[in-house]
Amino acid sequence: MATATSNDRRPAAYPKVRRIKFRFGATESHGKYFVENDMVFSHFVAGLSAGFPAGEESFIRSVRRFADQITDPVLKKRVAAFIGQEAMHGLEHRQLNERLFALGYDFLRWMDTEEYRAGLTRLEQRLPATVHLAMTAAAEHYTAVLAERMLTSEEIQAIPAEPEIWNLMYWHAYEEMEHKSVAFDVYREVGGSEATRIGVMLAMYLLTMPLTFSNLLVSLARDPIARRQPVAVARQSWELFRGPVFRGVLVELAKYLRPGFHPDDIDTTAVLRRWQEQLFGPDGTLVDHLK
């Protein structure tokens, strides 16, 4: 399954594009606050999902800008699979987002408007191509860290949530871990420097958490039910940020800042093997979702 890359490292997994379809709304049981009837946790997950379609499209563009410079045939195939997986992630999250907007998370719609996507594209065009690619490689580390937490934490997996939304998140997490080193290897292949890689990550490291928190607070402030329950919102916010999703996450993210770091230094082979069987084995929970 693992194949030597252009820098003689072995990727944790070879990405595979899976045509899949989730059935949002078919088995609803948790209502608006679909994660443990928790306002803050539900708004947080909704915010993640809202940002994924435009984000995945940006990741794809960053890699495609260097498509003609990739000479390693194995990396070319991994890039094609990366693009296919990210396109499917954006498609399925967009379907979920429509359901979430209908449930009342309407503030988050701005992250998937034509105006926002056009503005993101204009920003990318003003950046040096290697900086855009470095941003993607860094963002992939973020998603890989969160994905590994979701797939290894029994505490997270025990949280009650809308089953089909959790199915989507497990699938997305699994594939993020499959392709976690692709954008990074493209960056190395085209001569991206360590200084730019680390500098970009440092900027994102300092900005991402404050932006995430502020977006979450505005989303909650726009929710009339949450506005009427400030004590519950404060308690749930404390529980979210001291809980298994965020506990120690800054330490894990900071590993990327180490000179010489590579995503596959973090061995997730066993986790991927276990979830391959759990999701797509003969009795896998998502086998009937594949097209």
Item to check | CZ (Arg19) with more than 12 external heavy atoms under 6.0 Å | outcome: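 No, not enclosed.
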Checklist entry - Would one find more than 12 heavy atoms of other residues, nucleotides or ligands at under 6.0 Å from atom CG of Asp288? => result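 Correct, the count exceeds 12.
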Measure the acute angle between the ring planes of [X] and [Y], then classify it against the limits of 30° and 60° as parallel, tilted or perpendicular.
X: Tyr256; Y: His141; value: tilted
X: Phe24; Y: Phe22; value: parallel
X: Trp110; Y: Tyr116; value: perpendicular
X: Phe261; Y: Phe184; value: perpendicular

Item to check | Carboxylate-amine/guanidinium proximity below 4.0 Å for Arg94 and Glu56 | outcome: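 The answer is no: the pair does not qualify as a salt bridge.
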Checklist entry - Should the pair Arg197 and Tyr187 be classed as cation-pi, given the thresholds of under 6.0 Å to the six-membered ring centre and 45° from the axis? => result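 Ring-cation test returns no.
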Checklist entry - Does Lys32 make a cation-pi contact with Tyr105 (under 6.0 Å, within 45 degrees of the axis)? => result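 Judged by the rule (NZ or CZ under 6.0 Å from the ring centre, within 45° of its axis), Lys32 counts as positioned above Tyr105.
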Item to check | Exercise: do Glu189 and Gln69 side chains pair donor with acceptor under 3.5 Å | outcome: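 No, because no side-chain N or O of Glu189 sits under 3.5 Å from a partner of the opposite role on Gln69.
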Next on the checklist: Between His172 and Phe52, is the ring centroid distance below 6.0 Å?
Outcome noted: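 Yes, they do, as the ring centres are separated by less than 6.0 Å.
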Item to check | Shortest non-hydrogen contact from Gly47 toward Met111 | outcome: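 Looks like O-CE, 3.7 Å.
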Checklist entry - Do you know the tightest heavy-atom contact between Met204 and Ala139? => result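 Here Met204 and Ala139 meet closest at CE-N, 3.9 Å.
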